[in-house]
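Everything numeric in this text was worked out from a predicted model, so none of it was measured. FYI, side chains are in, hydrogens and waters are out, and symmetry mates aren't considered; it's all heavy atoms of this structure. Numbered from 1 within each chain, the chains take letters A, B, ... in sequence-line order.
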There are 2 protein chains.
Amino acid sequence: MTARSSSESARDIPEATVARLPVYLRALNALADDGIRTCSSEELALSAGVNSAKLRKDLSYLGSYGTRGVGYDVDYLRYQIAREIGVTQDWPVVIVGIGNLGHALANYSGFRSRGFRVVALLDADETRHGEVVAGVDVRAFGDLEEIVETHGVAIGVIATPAGAAQDVADRMVGCGITSILNFAPSVIVVPEGVDVRKVDLSIELQILAYHEQRKANVT
Amino acid sequence: MTARSSSESARDIPEATVARLPVYLRALNALADDGIRTCSSEELALSAGVNSAKLRKDLSYLGSYGTRGVGYDVDYLRYQIAREIGVTQDWPVVIVGIGNLGHALANYSGFRSRGFRVVALLDADETRHGEVVAGVDVRAFGDLEEIVETHGVAIGVIATPAGAAQDVADRMVGCGITSILNFAPSVIVVPEGVDVRKVDLSIELQILAYHEQRKANVT
DNA sequence: CTCAATTTGTTCTCGCGTTCACAAACTCCT
DNA sequence: AGGAGTTTGTGAACGCGAGAACAAATTGAG
């Protein structure tokens, strides 16, 4: 299943490591902005908020990009991580659902600066079609196929109410979208081969509430 | 460290389980809305998008709330989970940073319906003070102490740009806030005893991009 | 050139979480 | 009442990730 014919990047990077690579990349960018050209695993780990042993192990999955006795070249490592994640290229993204959250996402500058380009905002509400939000056209949900095909979109973002999420996901999958970021508070089912990541705002708060309650209960 | 003097809820629930309890709660609410009064672990697991064995083990940490041969009483289980998480009570929350994301969070109905009440929106921008967003007063960041004390706030949400996040966190901790939900794309450092959860929108997309790239590379 | 100091890459061990598999408990039908 | 059929709760095995610890590689001083 994980056999790769491509000669490079054939390593199988653990999921936990993949989730931390963007954090390292951000830390490296911050260091570069400060004019720092070289850093040790200890320093980088501090910036990223992780253990240095973990950092080194994570980086070792990518290859040997450090120099013993010296550390890592910030620019070089930055490029290597970006390439591994795939953010050296430009990823077109569609956002469905132009409520408060869709608005916020469309305006979020962090997407663009990290290689993601919002090519369209889709909504079922016809009265909003033709509007321009954050420099992006608001279009009809029915235009999804056309937009996906024209721009070669592989990543879709769901920012609709819970009730619409599964329908939207089905349509996205039907168009050939293979990665979905779901902000709707509902579980969506997709075929094998499609990746879904879920961000649920109220769940995060509930987890905090659980711990908060326990703190209070230690009498 | 985990010794509890309180007689009930003395069990130590694994972190991974805690993170899933809100999902189960949501699934149970959906079932209840459909008029379903009883469900098996298999059915509930399907709604929640998990394995039924995992679901049963998770629930077993709370106690034996099911009936063998029958399943779980939806209302009863719902109450037990809600009580365990702590969402039977009302949690006052402050949001700092009234940008696009702060706006979206303030308007998010999912908070209120789950026991979280936004008591104030704070922002450094003086021109916005006195405004009312989503029925909540926009106040000066300097009012943090007063608001936290008045309402007994234990949970704070950071929705500022990255540069301000650490300062805001420090102030929050200084006021006695012990749980922080951080949407700013930066690592924040807090003292022992303070819980931080981080939601980073662009990191989620980068993780998707990594997998997307790998799919494309399987030639 | 040699040796001390530094820092990476990797091996090893431990603990947590997931999953399987099954005994225990309950219902319902005859 | 008894037995077949369900479904929970949990013991045990397994796999992954975290962290400690160390060997290998590099630098720089004398």
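Side-chain atoms of A:Arg114 do not come within 3.5 Å of backbone N or O of B:Ser202 as any donor-acceptor pair.
One side chain, B:Thr17 or B:Asp58, offers a donor N or O that lies under 3.5 Å from an acceptor on the other.
Under the 4.5 Å side-chain criterion, counting only non-hydrogen atoms from C-beta, B:Gln80 is not in contact with B:Leu59. Under the 4.5 Å side-chain criterion, counting only non-hydrogen atoms from C-beta, B:Asp12 is in contact with A:Arg214. Counting only heavy atoms from C-beta outward, the side chains of B:Ile81 and B:Ile85 approach each other to under 4.5 Å. Side-chain contact check for B:Tyr210 versus A:Glu15: every heavy-atom pair is 4.5 Å or farther apart. At a threshold of 4.5 Å between non-hydrogen side-chain atoms, the residues B:Asp195 and A:Lys215 count as touching.
When the nearest nucleotides of DNA chain D are assigned to B:Asp58 and A:Asp58 by heavy-atom distance, the more 5′-ward of the two goes with B:Asp58. Comparing A:Thr67 and A:Thr17 against DNA chain D, the residue whose closest nucleotide sits nearer the 5' end is A:Thr17.
When the C1' atoms of four end pairs are superposed on the next four at each end of the helix from C:dC1-D:dG30 to C:dT30-D:dA1, using five pairs per end, the two resulting axes differ in direction by 0°, to 10°.
Put simply, CG on B:Asp73 is 16 Å from P on D:dT7, counting in whole angstrom units. Spacing between atom CG of B:Leu55 and atom P of D:dT7 amounts to 14 Å, rounded to whole angstrom units. Here D:dT7 presents its P atom at 16 Å from CG of B:Leu77, a figure rounded to the nearest Å. When the P atom of D:dG17 is taken as reference, atom NZ of A:Lys57 falls 10 Å away, rounded to whole Å.
Looking at residues 28-54 of chain B, you'll see B:Ser40, B:Ser41 sit with a heavy atom under 4.0 Å from some atom of DNA chain D.
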Could you list the donor-acceptor pairs under 3.5 angstrom formed by side chains in residues 157-169 of chain B, with sequence neighbours left out?
from	atom 1	to	atom 2	distance (Å)
B:Gln166	OE1	B:Val189	N	2.8
B:Gln166	NE2	B:Asp170	OD1	2.8
B:Gln166	NE2	B:Val189	O	3.0

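Heavy-atom contacts of chain A under 4.0 Å fall on DNA chain C between two terminal nucleotides, which in 5' to 3' order are C:dT6 to C:dC12.
The heavy-atom pair separating A:Ile177 from A:Val153 by the smallest distance is CG1-O, 4.0 Å.
Look at B:Tyr65 and you won't find any side-chain N or O under 4.0 angstrom from OP1 or OP2 of D:dT7.
A search for side chain to side chain contact (heavy atoms under 4.5 Å, CB included) contacts involving A:Arg112 returns A:Arg117, not counting sequence neighbours. By the salt bridge (charged side-chain N to carboxylate O under 4.0 Å, His left out) test, A:Glu43 is found to be paired with no residue, residues two or more places apart in sequence or in another chain being considered.
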